[in-house]
Structure formats: C-alpha cells, structure tokens
Protein chains: 2
Amino acid sequence: MDAATQIRDPERSRKVLKQVGREVFAEYGFEGARTREIGARAALNKAMISYHFGGKQGLFTEILLEDIRGARARFSEAVGSGGSSAERLAAFVEALGRLAEERPLFLKMLSRELLDAGRHLEPEVEEEFFGFFGLVREVLVQGVARGEFRAVDPHATHIGLVGGLVWFALTAPLREHLEREGRSPAPSPTWAAYVKHYREFVLRGLASSDSPARESGGNA
Amino acid sequence: MDAATQIRDPERSRKVLKQVGREVFAEYGFEGARTREIGARAALNKAMISYHFGGKQGLFTEILLEDIRGARARFSEAVGSGGSSAERLAAFVEALGRLAEERPLFLKMLSRELLDAGRHLEPEVEEEFFGFFGLVREVLVQGVARGEFRAVDPHATHIGLVGGLVWFALTAPLREHLEREGRSPAPSPTWAAYVKHYREFVLRGLASSDSPARESGGNA
DNA sequence: GTCTATAGGCTGATAGAC
DNA sequence: GTCTATCAGCCTATAGAC
C-alpha cells in the first residue's frame, strides 16, 4: 500500500503538491488551508511540503508566482498594443473570462488574498500581482485620450470593469450550490454567455457620443 | 483595574461584542477570527461570547441577521416601487454605495462568506441573504419588460452590476495601503465620485436604443 | 525522498469561583 | 455577569528512521 506512494519522483511530487495546493488554498484561503489536507489529497505526507517548499508559505508563494506570471504573459499577448481601444478592451474582457473559466482556482486564490489585504504576499509576488491588474489601465487611458471612450475616470472605470468579472467568479460557488438545491431563480449564465453580455455592456457604457466604440464580433 | 471591566451591563456587553465581532469577522473571516481577539478588543473575557451568544457561531449568526435585515429594509425603501426602472436602478446603485461607505465591515463579512460558499450561514441567515441580493433583479426584469433597458439577461446583468460596486468596497483597503506607500498610479476615487461614475456607466450600458434610460440628476 | 513521531503552541468551549 | 483555569483537540514544523 505505501509502496505505491513511494514513487520517489520529486518532480512529480512538487507538481502534485502545487496542484493540490491550488485547490485547498482557493477553498480555504492561506490561513484556513491545512497542510494535512494538502498532504492527504496529494497522497503524500504533509512533511513533504516543508521538504520541497520550505513550508506552507513557501508553497503558497511558489504557486502564486507561477500562476500570476503565466496570466500576465497571456494578457499582454491578448490585449496587444495595436487596434482600437475598444478592440483591446474587448480582448481584455475575453481574456479574463477565459482565464476565469480555465483557471477558476487562480482567481479564487487571488481574491481571498485581496480580502486578506495581501497579508501573505511576499514582495516578489506583490509586484507581479499589481503589474497583472494594472495592465488594463493603459487601455482605458488610451481610449479616453483618443476620444473613443467618454471622459471617464480611468481609475474608477478600471475598478468597476474588473469587479464585474471577478464577482462572477467569486459568486460561482454559491450559485452552483443554489442550483444544485433547486433554489436558484434562473439558470446561471455560462462564462461564454457572461463574457459576451459583459463586453457589450462595458463598451456601451464607455462609448463616447460620436463613437459607437463597439464592434469586434457583432452579435444579435 | 478589573473593577473597570466589571461593569455588569449585559446589554452593553452584547453590543460591544457584536461590534467588535463585525471588525474581527470582516478582517479574518469566520474560521480565521479568534474568540480571544474578539474578547480582548471588547475588553471582556472570551468566555462571554459563549455566555451571551452560545459560542462563536452564535455571535456570527446574530451579527449577520441583524445587519442583513437592516440593509434589506434600507434597500426596499430606497428602490421603492414607483418611477422609471432607470430611476429605481440609480437609487439601488446609490443605496449600495451608501451602505458600502457607512458599513464597510458588513460587505466584507458577506463577501468572505461568499468565498466560503456560505459554509457558516445558518438557514435563517441564508434566506435573508438571498432576499437581500435578489432585490435588484426585479428592477432589471421590469426595465427589460418595459423596453427601458436593452434585452439583457437579468441574471448576468445583476451579477455584473453588484460586482462593480462590491469590488470597490473590497479593494478599498488595498488601494489605501498602496497610496500610503506611494505606489498607486493615481488617487483613489471617493465613494461619492465612484457612485456617480458607476450610475452613469450602468445606465448607458443598459439603455435601449430608443430610450436614453438616464436622468435623475444630470451631471457634466 | 518519504514517512513516523513528536514538540511546542494555539484553538474554542466550559466548569466553577466570585 | 464576569473571570480564571483547564481540557481535549488541532495546527505547523522538524528530527530522525528508513
């Protein structure tokens, strides 16, 4: 029985611990996560967390660094630097939607850490994190400067824009819970449907009077 | 010294424990909150939590019941039942902004519980909670039915709408932290400025082609 | 590289003194 | 009504066997 766990493949152990760590940190937050739980789900002893990552904090840091860097790269590519501001903003909304759908644990981990006011972020992680969320501001400033968007405050717009997307991710567990019990007033939208709706909503909300500010895949 | 704490005013003790509980639960979540911390901040022994509320869970439940009921009453009054859907929606945005500004701890407590998928909500609290957040849906359905709003999905719209407002509240501590360290790219908007911006943004985003869907206090 | 055993410290709840 | 003392259980980290 324990022979099966004695695989002695350290790379695989590190990988499994990180993946399980994503699950447990997303579900319980840094302080609520139990190393015992991570060890058990990984079919490894919890002592392995200390051995491979130097402890709970080390595992947490390594997961976030890896995921945030990956996300930043994806977003930089998606938003790009050419095209209209509306196109770039739509690309951002779609990229965040895709990220949320493909990596729901990542957004949950980040959101929990935000509620914890970044208490468990080491400086290196903090820097990556702010760079990641600061990406869209440039697009908003550009759109306003070009007159493509109304003269909105980019800071306020940025917060509301991200909020609408992140909130969808944050409330997903509760919506699923409600639907499972048949207590939801209506079926929850899929990510694809939500992103389609939200892209249109945002571009209409920002459009200047003389610019429709919406195109890139017309819909019904 | 301990004579000062021997006030023997049970009503006052209950009140202080609830107020301090709001602070600690908002900051650490249900599981992260320490009864020792609540007792210390209340200048009472932690055993008093069990005496007055039957334990940590009892205090948590009583705080949420009280606050959610208060919020529901305020929102029902603010949104009302007459007037245009745009006016009612604007009233909702302003009421939520006011609530977030006046009771930031309440929104943080709720949001944390949302991330916990409602694990610590007793049935009675859960019911109040859903009624509270379900209030705005009726306005959206009405606006679409009247043709005042575009034919948006009320469920998706509801999520995005609330998200933009709650996110502003949730990220406030982090923004303040950044500004204190001079790492913020721009000064954070006040609640009043944000609500003004957001109301306009939302009404433009929802307006049907033949209806401006925005009035109620014209701005620049 | 992995496990077991244990250390050292913290938790929420509660019995009983006042 | 409030406090002190204490309990049983849990946590993370780590030393040492294999």
Side-chain angles (χ1 to χ4, degrees), chain A residues 1-25 27-64 112-113 116 119-120 122, chain B residues 1-25 27-64 109 112-113 116 119-122:
Chain A
M1 182 169 291
D2 56 353
T5 68
Q6 296 261 3
I7 306 171
R8 297 198 179 241
D9 180 345
E11 252 340 290
R12 184 183 170 284
S13 291
R14 288 179 60 91
K15 203 175 157 186
V16 172
L17 284 172
K18 278 193 286 185
Q19 186 49 36
V20 167
R22 286 183 179 93
E23 295 171 17
V24 178
F25 284 130
E27 193 167 349
Y28 299 103
F30 179 81
E31 283 162 28
R34 301 294 167 223
T35 54
R36 176 186 189 157
E37 173 84 5
I38 296 173
R41 290 200 200 179
L44 283 167
N45 193 277
K46 64 182 172 146
M48 287 298 95
I49 296 168
S50 292
Y51 178 77
H52 285 294
F53 302 97
K56 189 189 194 181
Q57 174 72 62
L59 175 61
F60 187 75
T61 298
E62 190 147 330
I63 290 171
L64 280 183
R112 284 205 175 265
E113 199 44 34
D116 287 343
R119 273 197 287 272
H120 317 99
E122 291 177 9
Chain B
M1 182 168 293
D2 55 354
T5 68
Q6 297 263 1
I7 305 172
R8 296 199 179 240
D9 180 346
E11 253 339 291
R12 184 183 170 282
S13 291
R14 288 179 59 90
K15 202 174 157 188
V16 171
L17 283 172
K18 279 193 284 185
Q19 186 50 35
V20 167
R22 286 183 179 94
E23 296 170 17
V24 177
F25 284 130
E27 193 167 348
Y28 300 103
F30 179 80
E31 283 162 29
R34 302 294 167 223
T35 54
R36 174 186 190 157
E37 173 85 5
I38 296 173
R41 290 200 200 180
L44 283 167
N45 193 279
K46 66 180 172 150
M48 287 298 94
I49 296 168
S50 292
Y51 178 79
H52 286 293
F53 302 97
K56 188 189 191 180
Q57 174 71 62
L59 175 60
F60 188 75
T61 297
E62 190 147 331
I63 290 172
L64 280 183
M109 267 185 82
R112 282 202 176 270
E113 200 43 36
D116 287 343
R119 273 196 288 271
H120 316 99
L121 297 183
E122 290 177 10

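Residue numbers begin at 1 in each chain, while the letters A, B, ... track the order of the sequences. Side-chain atoms are counted along with the backbone in the values below, which use heavy atoms only and exclude waters and symmetry mates.
Taking the side chain of Ala47(A) as heavy atoms from C-beta on, and the options dA13(D), dT4(C), dG1(C), the nearest nucleotide is dT4(C). When each of dG12(C), dG1(C), dT2(D) is scored by its nearest atom to the side-chain atoms of Thr35(B), the top-ranked nucleotide is dG12(C). Of the candidates dC3(C), dC3(D), dT12(D), the closest approach to any side-chain atom of Asn45(A) belongs to dC3(C). Ranking dA13(D), dC3(C), dT2(D) by closeness to the His52(B) side chain, first place goes to dT2(D).
Where Ser13(A) and Met48(B) each meet DNA chain C at their nearest nucleotide, the meeting point lying more 5' is that of Ser13(A).
Remark: Arg36(B) is in phosphate contact with dT11(C), judged by side-chain N or O atoms under 4.0 Å from OP1 or OP2.
One interatomic measurement links the two molecules: CG of Asp9(B) to C1' of dC3(D), which rounds to 17 Å at whole-angstrom precision. Rounded to an integer number of Å, the gap from CZ of Arg34(A) to C1' of dT12(D) is 10 Å. Separating the CD atom of Glu31(B) from the P atom of dG12(C) is a distance of 11 Å, rounded to the nearest angstrom. Here dG1(C) presents its P atom at 15 Å from CZ of Arg12(A), a figure rounded to the nearest Å. Atom CG in Leu44(B) sits roughly 16 Å away from atom P in dA13(C) (whole-Å rounding). The distance between atom CZ of Phe53(B) and atom P of dA13(C), rounded to the nearest whole Å, is 13 Å. What separates CZ of Phe30(A) from C1' of dT12(D) is a distance of 10 Å, to the nearest Å. Taking atom CD1 of residue Ile49(B) and atom C1' of nucleotide dT4(D), one finds them 16 Å apart after rounding to whole Å.
Pairing each heavy atom of Leu17(B) with each of His52(B), the nearest pair is CD1-CD2, 4.2 Å.
Nucleic acid contact class of Ser50(B) (heavy atoms, under 4.0 Å, all strands): base. No engagement by Ala42(B) is indicated, since no non-hydrogen atom pair under 4.0 Å with the nucleic acid exists.
Under the 3.5 Å distance criterion, the side-chain polar atoms of Arg22(A) are left unmatched by any main-chain donor or acceptor of Ile63(A). Side-chain atoms of Lys56(A) do not come within 3.5 Å of backbone N or O of Ile49(A) as any donor-acceptor pair.
With the end axes of the helix from dG1(C)-dC18(D) to dC18(C)-dG1(D) each set by five pairs, the angle from one to the other reads 0° at 10° resolution.
Atom CZ of Arg41(A) is surrounded by more than 12 heavy atoms from other residues, nucleotides or ligands within 6.0 Å. Counting non-hydrogen atoms of other residues, nucleotides and ligands closer than 6.0 Å to CZ of Arg36(B) gives a total of 12 or fewer.
Partners of Asp116(B) by side chain to side chain contact (heavy atoms under 4.5 Å, CB included), not counting sequence neighbours, listed by chain and number: Arg112(A), Glu113(B), Arg119(B), His120(B).
Between Phe60(A) and Phe25(A), the two ring planes are perpendicular [angle over 60°; tilted spans 30° to 60°].
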